[in-house]
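First up is the structure itself, then whatever we jot down about it.
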2 protein chains.
Amino acid sequence: MTADKIMEIALRHFARHGYEGASLADISAEVGIKKPSIYNHFKGKDELFLAVYRDAAARELRYVEDDLNPEDRSSSLKDRLYGFLIGYKERYEREENTKFFLRMSFFPPAHLLQETMSMANDSIDRIAAAVTEVFRPAADDGLIHPDVTVEHATGAYMAVLDSVFVEMLYGDHERTMMRLEAAWQVYWRGVKNN
Amino acid sequence: MTADKIMEIALRHFARHGYEGASLADISAEVGIKKPSIYNHFKGKDELFLAVYRDAAARELRYVEDDLNPEDRSSSLKDRLYGFLIGYKERYEREENTKFFLRMSFFPPAHLLQETMSMANDSIDRIAAAVTEVFRPAADDGLIHPDVTVEHATGAYMAVLDSVFVEMLYGDHERTMMRLEAAWQVYWRGVKNN
DNA sequence: TTAGTTAGCTAACGACCGTTAGGCAACGGG
DNA sequence: CCCGTTGCCTAACGGTCGTTAGCTAACTAA
């Protein structure tokens with residue numbers, strides 16, 4: 001399907017150049033069609049963008065829910081949480097989908113702010129919910145220090161994840177790893193029970 | 001000076017619409033001059049942007065070094081660290097300078113990547129150095145848990161600060177405060193001695 | 001077989017982009 | 001006093017933007 005190919009390539013262009021910086025001419029050229037042919041599949045640039053964003057948000061959520069599946073108890077809480085951080089960092093480096101979703105959630109085109117923000121907030125809340133579902137049984141098992149509520153453990157873990165994003169955006173790989181390690185160790189010291 | 005006014009207004013437009021989305025026509029109109037008159041003060045859009053970026057980076061660094069001045073021992077380490085987080089959050093909400101600096105450091109115009117990245121990395125390193133100067137004497141006084149190095153305490157604190165940025169970008173004030181509180185409490189539990 | 005839909009094309013539109021040329025008044029130092 | 005500089009202007013440049021009109025060939029359903 002051509003529409004899928006357009007969306008795939010448009011996603012990469014939006015991710016690298018932003019909404020304004022991505023041009024339909026460049027996108028269509030890479031797809032191998034002429035610019036007006038895009039209009040056989042999408043009403044315009046806005047509709048193309050929103051379709052790409054919707055799909056990207058769904059894919060990010062699916063990845064998180066898969067990777068963080070609370071049914072899977074084969075490894076320890078600590079390993080699962082740390083592994084998820086590392087996994088997401090690698091995913092960002094590998095997947096344009098994640099780059100697109102982060103960039104466009106941070107800085108959406110001004111005239112589409114409402115549509116993007118409602119989708120973004122929805123995704124963030126559901127990601128946080130998936131994290132909470134990991135912590136709750138762990139807290140019941142006494143793995144979390146009693147001074148730390150499940151909500152605090154979740155919020156602080158999401159903060160560590162956010163900080164990983166930021167360091168990746170700055171692009172300094174070495175510093176990213178150092179910060180991740182430091183943030184994780186202090187986080188785990190603050191959350192674990194003895 | 002007109003040049004200063006141009007830079008001030010350009011900063012706001014770049015912060016809100018990104019490099020590509022900000023137009024010299026809009027900027028000049030708000031300044032109260034015609035578009036070509038900008039060229040009496042700057043060689044072009046690129047030079048204007050780099051001048052604005054340079055100033056913005058310097059202002060951010062100055063704010064951090066002032067607010068985190070290690071000479072000031074009037075309040076406790078805990079209060080100073082927590083206060084700095086809150087202060088920076090409020091600064092972001094108030095100052096377009098911070099919004100501009102964050103946005104353009106995350107996603108600089110592709111053809112100016114080298115110039116911006118070297119300035120950004122320089123600023124980040126110096127900000128981190130200022131934070132380290134707060135922790136070092138505190139560690140000597142035994143306020144930091146012996147299992148946590150000064151480097152780890154600094155890195156993890158910078159991570160908390162990064163996460164505050166992210167939450168602010170998403171724009172949900174209520175969630176920002178909750179995440180900040182959670183991140184801070186877990187961080188402090190992980191770092192403090194006893 | 002035929003009518004309708006799909007997906008591509010070329011040509012062109014108006015709007016806006018950053019930028020340059022060139023003119024004109026105000027000002028400041030020799 | 002004059003001359004060079006500064007700072008604004010109008011007009012216009014070439015280029016790119018997203019978008020529309022209208023044509024054609026290919027497939028699909030009746």
Side-chain angles (χ1 to χ4, degrees), chain A residues 1-56 96 100 103-104 107-116, chain B residues 1-56 96 100 103-104 107-116:
Chain A
M1 194 69 155
T2 309
D4 292 340
K5 196 173 177 186
I6 294 173
M7 287 175 70
E8 177 192 329
I9 290 170
L11 179 141
R12 205 168 63 244
H13 282 249
F14 285 136
R16 295 186 184 171
H17 307 110
Y19 180 85
E20 325 273 353
S23 83
L24 298 184
D26 290 348
I27 293 169
S28 61
E30 200 174 325
V31 172
I33 60 176
K34 299 298 172 185
K35 184 169 55 158
S37 299
I38 292 182
Y39 287 79
N40 288 319
H41 304 275
F42 302 93
K43 284 184 184 172
K45 195 182 185 182
D46 287 359
E47 195 190 85
L48 170 59
F49 173 81
L50 289 173
V52 170
Y53 190 88
R54 195 180 316 274
D55 274 23
E96 297 284 345
F100 167 87
R103 176 168 195 163
M104 281 358 226
F107 304 113
H111 67 288
L112 299 175
L113 192 127
Q114 290 189 3
E115 292 92 326
T116 51
Chain B
M1 194 71 154
T2 310
D4 292 341
K5 195 172 178 187
I6 294 173
M7 287 176 69
E8 177 191 330
I9 290 170
L11 180 140
R12 204 168 66 244
H13 282 249
F14 285 135
R16 294 186 185 173
H17 306 109
Y19 181 84
E20 325 273 354
S23 83
L24 297 184
D26 290 348
I27 293 169
S28 62
E30 199 174 325
V31 173
I33 59 177
K34 299 298 172 185
K35 183 169 56 156
S37 300
I38 292 183
Y39 287 79
N40 289 316
H41 304 276
F42 302 94
K43 283 184 184 172
K45 196 183 186 183
D46 287 0
E47 196 190 83
L48 170 59
F49 172 81
L50 289 173
V52 171
Y53 189 87
R54 195 179 315 274
D55 275 23
E96 297 283 345
F100 167 87
R103 175 166 195 165
M104 282 351 213
F107 303 113
H111 66 288
L112 300 176
L113 192 126
Q114 291 190 3
E115 291 92 327
T116 51

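Letters go in sequence order (proteins before strands), and every chain restarts at 1.
- No side-chain heavy atom of A/Met104 sits less than 4.5 Å from a side-chain heavy atom of A/Val52.
- We find that NZ of A/Lys5 is positioned 14 Å from C1' of C/dG8, with the value rounded to whole Å.
- Within the 4.5 Å cutoff, side-chain heavy atoms of B/Tyr19 are placed close to those of B/Lys45.
- Contact annotation for A/Ser37: base contact, defined as any heavy-atom pair under 4.0 Å involving a base atom.
- Checking D/dT20, C/dC9, C/dT20 against every side-chain atom of A/Ile33, the shortest atom distance belongs to C/dC9.
- For the pair B/Tyr39 and B/Leu24, the minimum side-chain heavy-atom distance is below 4.5 Å.
- No contact: A/Ala3 has no heavy atom under 4.0 Å from any strand.
- A heavy-atom distance below 4.5 Å is found between the side chains of A/Ile33 and A/Ile6.
- In this structure, A/Gly21 and A/Lys43 both approach DNA chain D, and ranking their closest nucleotides by distance from the 5' end singles out A/Gly21.
- One interatomic measurement links the two molecules: CD1 of B/Ile27 to P of C/dC17, which rounds to 10 Å at whole-angstrom precision.
- Which of D/dG18, C/dT20, D/dG7 sits closest to the side chain of A/Lys45 comes down to D/dG18.
- One can place OH of A/Tyr39 at 3 Å from P of D/dT19, the figure rounded to the nearest angstrom.
- Positionally, the nearest nucleotide of DNA chain D for B/Thr2 lies more toward the 5' end than for the other of B/Pro36 and B/Thr2.
- Across the protein-nucleic acid pair, B/His111 atom NE2 and C/dG18 atom C1' stand 11 Å apart, rounded to whole Å.
- Proximity of A/Glu96 to A/Glu8: side-chain heavy atoms (C-beta onward) are nowhere separated by under 4.5 Å.
- Between A/Phe49 and A/Glu115, the closest side-chain pair of non-hydrogen atoms is not below 4.5 Å.
- OP1 and OP2 of C/dT6 both lie 4.0 Å or more from every side-chain N or O belonging to A/His41.
- One can place CD1 of B/Ile38 at 11 Å from P of D/dC8, the figure rounded to the nearest angstrom.
- For the pair A/Leu24 CG and D/dG18 C1', the interatomic distance rounds to 6 Å; values are reported in whole Å.
- Closest contact between the side chain of B/Asn40 and the listed nucleotides C/dG18, D/dG7, D/dC17 involves D/dG7.
- When the nucleotides D/dG18, C/dT19, C/dG8 are ranked by their closest atom to the side chain of A/Lys35, D/dG18 comes out on top.
- Recorded end-axis angle for the helix from C/dT1-D/dA30 to C/dG30-D/dC1 stands at 0°, based on five pairs per end and rounded to 10 degrees.
- Taking atom NZ of B/Lys34 as the reference point, atom P of D/dA12 lies 16 Å away to the nearest angstrom.
- The separation between A/Phe14 atom CZ and D/dG18 atom C1' is 12 Å, rounded to whole Å.
- Side-chain contact between B/Thr116 and B/Phe107: absent, with no pair of heavy atoms (C-beta onward) separated by less than 4.5 Å.
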